[in-house]
Amino acid sequence: MLSIRAAAAGAVTLSLALAATACGGGSATGGGSNDSPKTLTYWASNQGASIEVDKKVLQPELDKFEKQTGIKVKLEVVPWSDLLNRILTATTSGQGPDVLNIGNTWSASLQATGALLPWDAGNFDKIGGRDRFVDSALGSTGAEGKDPAAVPLYSMSYALYYNKKMFADAGISKPPATWDELVADGKKLSKDGKWALGMEGSNPSENIHHAFVFAKQHGADFFTADGKADFTSDGAVAAVKQYVDLMAKDKVIAPGNAEYAQNQSVSDFAKGKTAMLLWQSASANLASQGMSKDAYGIAPVPVQSGTPGTGKQVNSMVAGINLAVFKNTDNTDGATKFVKFMTSDAEQKILNKAYSTIPPVKSAQSDAAFATPANAVLKDTLATSAVALPQVADESQFETAVGTAIKGLFADAAAGRPVTTASVKAALEKAQQQMPAA
């Protein structure tokens, strides 16, 4: 039996032994059938600055789909803080949507439940073929050697966003390329009630993304080659400590960021409260909060030394959103039509432009609309210096356990408690004990 640990208001262990037989779609009653599907339910992830922003982006496209096919799509935008728990609950209860967005890092974990429709050659043919999608995006759709559990919808990478005026006022002529440079610049920028860098210490997913990149830069990982948890290696411990030390030792992040959740750091940057932001494809989010694109620059995320590249110079995880179908939905045909619609060239251009993300569909990605300076940084990062998080069955437990451990370390830093190598290792040891037994 496989158990997945997820946390919302505390750790909850959900048994997935019945997932393959108990899971079902949200349109089992009154929603039509494969012969004539009339209704689909769709859980969308919160991509924009707010749920209302997402509804304004998505509803016109869902109306367009209904006009083309006669299939009505019932939309629910689910906050990231709730999404994984909601999905895990749906796999056991059978009360879930027909189609849903999943973070691409969860693909292998959700694949292991047996609840999602496998995208074999036949299913890919129904949406135009597997070769329409870029390889980096397909690399985060499930375990190697298995049919993907989802198809790519939005591709993203992290970048460093910096406030041009705040940099100029501090006498800084260019964005930092290394962490040492970021800390040195950060000490010049952290003054007069403003801070150098925004982070979200209470957001486990953000914690994991940054800790994973730091670990890669230290030549480490959080899993062994055969997929076993390895949270306490010297490199992993050093990576987490370096990340938390941006607040604890270097003092370039405000202590209050220890309590920040999704989008709060983006809002601070948009309002000029912080000079730098590390975020996934933030341009549309910043624009929706009133920040002019001329007010900030975009650069690759710093590395330990030199410039981003392969090996230890990894500077982003392969970020993105995948689109999945619950395997036992009564509307398989309608759900497949919806996936085809959402991954069509036309919709890929509309949706990825709205969210300032990169289309994972090759022909859409090459469109002139995605040839902006911001996208140049993101596309180059995805092509040359980003690595997918481990596509292992225990990945979602890893995000919860380690992400929450780092949340606790940020709380220590904010309270002035020492963050030492020993305390970091102890927190990671405790997180590793929460993982399923090998």
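Distance alone, capped at 3.5 Å, places no donor-acceptor pair between the Ser385 side chain and the Thr310 backbone. The backbone N or O of Met156 sits nowhere less than 3.5 Å from a side-chain atom of Thr357 that would complete a donor-acceptor pair. Judged by distance alone, with hydrogens and angles left aside, the side-chain atoms of Thr274 form no donor-acceptor pair with the main-chain N or O of Leu197 at under 3.5 Å. Judged by distance alone, with hydrogens and angles left aside, the side-chain atoms of Gln313 form a donor-acceptor pair with the main-chain N or O of Thr307 at under 3.5 Å. With hydrogens and angles ignored, the 3.5 Å screen pairs no side-chain donor or acceptor of Lys312 with any backbone N or O of Ser305. When atom types are taken as modelled, the side chain of Gln217 and the backbone of Val314 share a donor-acceptor pair closer than 3.5 angstrom. Side-chain N or O atoms of Gln432 include one that pairs as donor or acceptor with a backbone N or O of Phe231 at under 3.5 Å. In this structure, the side chain of Trp80 engages the main chain of Asn46 through a donor-acceptor pair within 3.5 Å. Judged by distance alone, with hydrogens and angles left aside, the side-chain atoms of Thr400 form no donor-acceptor pair with the main-chain N or O of Gln397 at under 3.5 Å. In this structure, the side chain of Ser366 engages the main chain of Ser363 through a donor-acceptor pair within 3.5 Å.
Residues Asn203 and Tyr260 have side chains not in contact (no heavy-atom distance under 4.5 Å, counting atoms from C-beta outward). Contact of the Val240 side chain with the Leu428 side chain is registered, since non-hydrogen atoms from C-beta on lie closer than 4.5 Å. Two residues are said to be in side-chain contact when any heavy atoms from C-beta on lie closer than 4.5 Å; Asn315 and Tyr158 fail this criterion. In this structure the side chain of Glu347 never reaches within 4.5 angstrom of the side chain of Thr343, judged on heavy atoms. Within the 4.5 Å cutoff, no side-chain heavy atoms of Asn352 are placed close to those of Gln365. Between Val361 and Phe133, some side-chain heavy-atom pair lies under the 4.5 Å cut-off. Contact of the Leu278 side chain with the Val301 side chain is registered, since non-hydrogen atoms from C-beta on lie closer than 4.5 Å. Side chains of Gln348 and Leu153 form a contact here, defined as non-hydrogen atoms less than 4.5 Å apart.
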Walk me through it: do Tyr162 and Ile298 pass the test side chain to side chain contact (heavy atoms under 4.5 Å, CB included)? CA-CA 6 Å; Tyr162 62 96; Ile298 302 173; 5.8 Å; no
Take Lys194 and Met166 through the test side chain to side chain contact (heavy atoms under 4.5 Å, CB included) and record every step on the way to the result. CA-CA 10 Å; Lys194 297 182 179 181; Met166 293 175 74; 3.9 Å; yes
Can you check side chain to side chain contact (heavy atoms under 4.5 Å, CB included) on Leu246 and Val183, steps first, answer last? CA-CA 8 Å; Leu246 293 169; Val183 170; 4.0 Å; yes
List the steps, then state whether side chain to side chain contact (heavy atoms under 4.5 Å, CB included) holds for His210 with Val213. CA-CA 5 Å; His210 295 300; Val213 170; 5.8 Å; no
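A salt bridge is defined here as a Lys NZ or Arg NE, NH1 or NH2 lying under 4.0 Å from an Asp or Glu carboxylate O, and Lys241 with Asp245 meets this definition.
Remark: Trp279 pairs with no residue by the ring-ring contact (aromatic ring centres under 6.0 Å, His included) rule, at least two apart or across chains.
Applying the salt bridge (Lys or Arg N to Asp or Glu O under 4.0 Å) test to residues at least two apart or on different chains, the pairs with a partner in residues 156-184 are Lys165-Asp169.
The residue from Thr141, Asn123, Leu117, Asp120 that alone fulfils the side-chain contact (heavy atoms from CB on, under 4.5 Å) condition with Pro148 is Thr141. When each of Tyr154, Tyr42, Trp43 is checked for a side-chain hydrogen bond (donor to acceptor under 3.5 Å, both in side chains) with Asn101, only Tyr42 meets the rule.
Atom CD1 of Ile406 and atom OG of Ser202 lie 12.5 Å apart (nearest 0.5 Å). Distance check: Gln280 CD to Ser155 OG gives 11.0 Å after rounding to the nearest 0.5 Å. Interatomic distance, Met435 CE to Asp394 CG, rounded to the nearest 0.5 Å: 4.5 Å. Note that CD of Glu395 is 9.5 Å distant from CH2 of Trp106, once rounded to the nearest 0.5 Å. The line from CD of Gln391 to OG1 of Thr105 is 7.5 Å long, rounded to the nearest 0.5 Å. Annotation: the span from Ser157 atom OG to Leu382 atom CG amounts to 4.5 Å, rounded to 0.5 Å.
Of all heavy-atom pairs between Leu160 and Leu182, the closest is CD1-CD1, 4.4 Å. Closest approach of Pro302 to Thr178, counting heavy atoms only: CB-C, 3.5 Å. Closest of all the heavy-atom pairs between Asn207 and Gly201 is ND2-O, 3.1 Å. When all heavy atoms are compared, the tightest approach of Ser396 to Leu84 is CB-CD2, 3.9 Å. The two atoms that bring Ala324 and Leu116 nearest to each other are CB-CD1, 4.0 Å, heavy atoms only. Nearest heavy atom pair, residue Ala150 against residue Asn322, reads CB-CB, 3.6 Å.
For Lys349, the NZ atom counts as densely surrounded, since its 6.0 Å shell holds more than 12 non-hydrogen atoms of other residues, nucleotides or ligands. Summarising the local packing, CD of Glu76 is surrounded by more than 12 heavy atoms from other residues, nucleotides or ligands at distances under 6.0 Å. At most 12 heavy atoms of other shown residues, nucleotides or ligands fall within 6.0 angstrom of atom NZ in Lys340. Open room surrounds NZ on Lys353; 12 or fewer heavy atoms of other groups in view lie less than 6.0 Å from it.
In this pair, Phe398 and Phe223 present their aromatic rings perpendicular. The plane angle is above 60°, beyond the 30 to 60° band. Relative ring orientation between Phe65 and Phe338 is described as perpendicular, the plane-to-plane angle rising above 60° on a 0-90° scale split at 30° and 60°.
Inspection of the Asp268 and Gln264 side chains reveals no N or O donor paired with an N or O acceptor under 3.5 Å. Side chains of Tyr355 and Asn285: no donor on one and acceptor on the other come within 3.5 Å. Using a 3.5 Å distance cut-off with no hydrogens or angles, the side chains of Ser265 and Glu200 do pair a donor with an acceptor.
In this structure, Phe410 has its ring center closer than 6.0 angstrom to the ring center of Tyr243.
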